[in-house]
Amino acid sequence: MTPSDTTPSSRRGLHSGAPSAPTTAQSIWLVAEREIGSKLRSKAFVISTVILFLGALALVIWGGISAGNNTGTPVAVTSDAAQYVPEGSNLDVTDVADRAEAEQLVTDGEVDAAIVADPSSPVGFSVLAESDAPTQLLLTLAQVPPVELLDPDPTNEALRYLVAIGFGVVFLLAASLFGGTIAQSVVEEKQTRVVELLISAIPTRALLAGKVVGNTILAMGQILVLAAVAIIGLTVTGQGEILQGLGAPIAWFAVFFFFGFILLASLFAAAAAMVSRQEDIGSTTTPLTMLVMAPYFLVIFFNDNPTVLAIMSYVPFSAPVGMPMRLYLGEAQWWEPILSLAILIATCIAAILIGAKIYENSLLRMGARVKLREALRG
Amino acid sequence: MLQLRGITKSYGGRRVLDDVSFDVRPGRLTGFVGGNGAGKTTTMRIVLGVLADDGGSVTLDGAEVTAAERRRFGYMPEERGLYPKMKVLEQIVYLARLHGYSKSEATARGRALLEQLGLGERLDDNVETLSLGNQQRAQIAAALVHEPQVLILDEPFSGLDPLAVDVVAGVLQERAARGAAVLFSSHQLDVVERLCDELVIIAGGEIRAAGSRDALRAEHSTRRYELISASDAGWLRDEPGVEVLDFDGGYALFETDGDETAQRVLRRAVAQGDVASFAPQHPTLAQIFKEVIQ
């Protein structure tokens with residue numbers, strides 16, 4: 001071997017057509033693009049997504065139909081107040097003798113409200129209701145009377161429960177679906193040794209980032225379409241009032257979900273990198289699956305417990321469900337979501353750093369499951 | 001030139017590579033031969049950087065091999081597998097793009113390479129639907145598509161039919177002719193013997209022989225000749241400087257103590273009767289292999 005053979009210029013001369021390395025951003029995007037493409041072409045994914053959308057749509061339409069069946073707002077009217085009920089109004093009137101009987105019917109839930117004569121009212125009558133005044137009734141009446149609430153409660157119980165389930169289910173479904181996807185995709189590459197080809201071309205971190213970015217785009221896309229189905233559906237079927245007070249919580253949910261998902265995705269990728277076969281995924285991702293399921297059960301059981309919700313809204317793994325719930329209930333101060341988001345983002349950054357380290361250290365170790373201590377130490 | 005110097009590797013106290021040193025020259029096909037568990041795959045994985053060595057160095061043209069250099073390596077891992085549910089062409093294009101080719105360029109290169117490897121009809125089929133032999137060809141395409149300057153192939157010929165072996169061999173020779181350094185392992189010693197310019201023989205984690213095929217043959221050649229003649233060759237037994245190894249009428253296999261003796265024997269054989277064949281016996285790679293790994 002002569003010295004001239006060992007100069008770098010001679011080896012570049014061999015392959016003048018060789019391309020330069022893609023930038024990190026290009027590498028990440030190529031990986032993300034493949035993740036998205038392969039998912040969109042998977043029949044299982046497309047079918048389950050369509051079922052999810054159809055389910056949401058069916059719920060909305062069913063809600064619309066049951067609302068439409070409503071013949072009129074049931075009201076009790078005392079005989080001395082009958083003159084105040086407008087002609088041809090969409091009210092289901094029950095005649096009662098006096099105010100006491102009207103109050104009884106309202107409290108029992110037989111009627112939504114009662115119209116009683118009230119000399120102290122400037123319009124000559126009042127409306128009695130249990131926890132909130134029926135908007136439809138007030139709009140029907142020619143003059144707006146004072147409203148007297150018998151059992152003031154800021155939120156409708158059933159609606160609160162529905163909203164809790166909504167946030168909980170969407171977070172659970174999306175996080176476990178795409179967390180599982182990212183874990184499978186990591187192990188697939190390891191099991192087939194494609195990863196050995198990939199990391200000879202691009203840095204390990206670019207590979208990890210691409211996977212997280214790709215799956216985050218898919219997850220956010222699914223959530224946004226789901227939200228659009230719900231909002232458009234509710235508006236079209238005339239149930240727009242449900243959305244009142246939900247706009248801000250939903251927007252916050254999207255923001256929290258975004259960071260919460262990146263946090264989980266990094267951890268799922270790292271956990272999956274520690275095993276070499278699809279069959280072993282469960283052994284390292286089960287703790288994460290628990291973390292994903294926890295907010296769902298907590299919010300369903302404790303949506304009326306302000307203390308549990310307050311804690312949930314600050315713990316990074318449950319904040320995407322807990323904080324929007326508290327915002328909806330009006331229990332959170334304006335600065336609370338911002339503080340919680342800061343905690344979530346900080347945790348997210350830490351998870352990315354730790355996840356990347358585990359991923360890098362475990363990715364090329366085939367065979368037995370890599371111990372967490374070894375994966376962290378490298 | 002790719003150089004390995006003093007590579008060692010132990011698994012749990014058991015030394016699997018011990019002072020492994022050899023060269024892989026550009027423009028040449030280097031065969032890497034050894035029994036099961038001899039350390040071929042471990043060595044290749046260390047060269048590719050997918051496994052860390054315990055000591056030693058891998059250099060390319062005198063400089064330590066880094067991730068940037070390895071981008072110009074092509075690798076075919078021992079355990080095959082591309083994305084099972086991805087189309088063949090798409091897969092190769094994806095890998096080419098990760099190496100920096102534009103989409104159109106990557107597509108053109110991938111298509112040409114797959115056609116050259118005989119997969120032109122299967123470009124849009126999922127990898128998992130291909131036969132093992134065809135998956136193997138796709139895997140070779142994956143290793144070659146970015147025009148690597150160093151090719152490390154673990155058993156590229158295993159599982160291929162003889163025609164496919166020729167196709168793949170042709171592609172590798174073409175790459176070597178364009179200046180790539182090619183190292184491949186194989187158990188098919190006849191294929192290695194036919195193709196390789198250079199040989200590296202490993203056993204028990206140690207390099208037993210390394211060098212050009214012809215030099216290795218010369219080194220292991222004996223003064224052994226084969227004679228096939230019309231007349232009985234019994235006279236050979238009494239010839240000085242000749243040791244008969246095998247004998248049957250007009251056929252004899254013998255060793256001589258020098259070229260002069262061999263020439264004398266040939267002249268006498270011609271004088272005795274018609275000679276159909278008189279040839280020095282070169283050891284086959286299989287013979288050399290058995291000899292050096294003992």
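FYI, side chains are in, hydrogens and waters are out, and symmetry mates aren't considered; it's all heavy atoms of this structure. Letters A, B, ... mirror the listed sequences (proteins, then strands); counts begin at 1.
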Quick one: are [X] and [Y] in side-chain contact, heavy atoms under 4.5 Å?
X: B:Leu82; Y: A:Thr192; answer: no
X: B:Tyr94; Y: A:Val194; answer: no
X: B:Arg45; Y: A:Glu196; answer: yes

Is [X] in contact with chain B via its backbone, its side chain, both, or neither, using a 4.5 Å heavy-atom distance?
X: A:Val195; answer: neither
X: A:Leu30; answer: both
X: A:Glu33; answer: side chain
X: A:Ser200; answer: both

Kindly indicate, with the supporting measurements, whether the criterion salt bridge (Lys or Arg N to Asp or Glu O under 4.0 Å) is fulfilled by A:Glu188 and B:Lys85.
CA-CA 11 Å; A:Glu188 179 189 45; B:Lys85 296 197 188 297; over 6 Å; no
Which bit of B:Gln139 comes within less than 4.5 Å of chain A, counting heavy atoms only: side chain, backbone, both or neither?
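Only the side chain of B:Gln139 comes within 4.5 Å of chain A.
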Highest number of heavy-atom pairs under 4.5 Å with chain A: which of [options]?
options: B:Arg70, B:His99, B:Gln91; result: B:His99
options: B:Pro84, B:Ala67, B:Gly49; result: B:Pro84
options: B:Pro77, B:Gly100, B:Ala142; result: B:Gly100

Return the OG to OH distance between A:Ser20 and B:Tyr101, rounded to the nearest 0.5 Å.
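Answer for the OG-OH pair, A:Ser20 versus B:Tyr101, is 10.5 Å.
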From A:Ile199 atom CD1 to B:Arg71 atom CZ, the distance as rounded to the nearest 0.5 Å
13.5 Å
Are the charged groups of A:Arg34 and B:Glu90 less than 4.0 angstrom apart, N to O?
no
Tell me, yes or no, whether the heavy-atom count around A:Glu279 atom CD, taken from other residues, nucleotides or ligands under 6.0 Å, exceeds 12.
yes
Give me the atom names and distance for the closest heavy-atom approach of B:Tyr75 to A:Leu197.
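Looking at all heavy atoms of both residues, the shortest contact is O-CD2, 3.1 Å.
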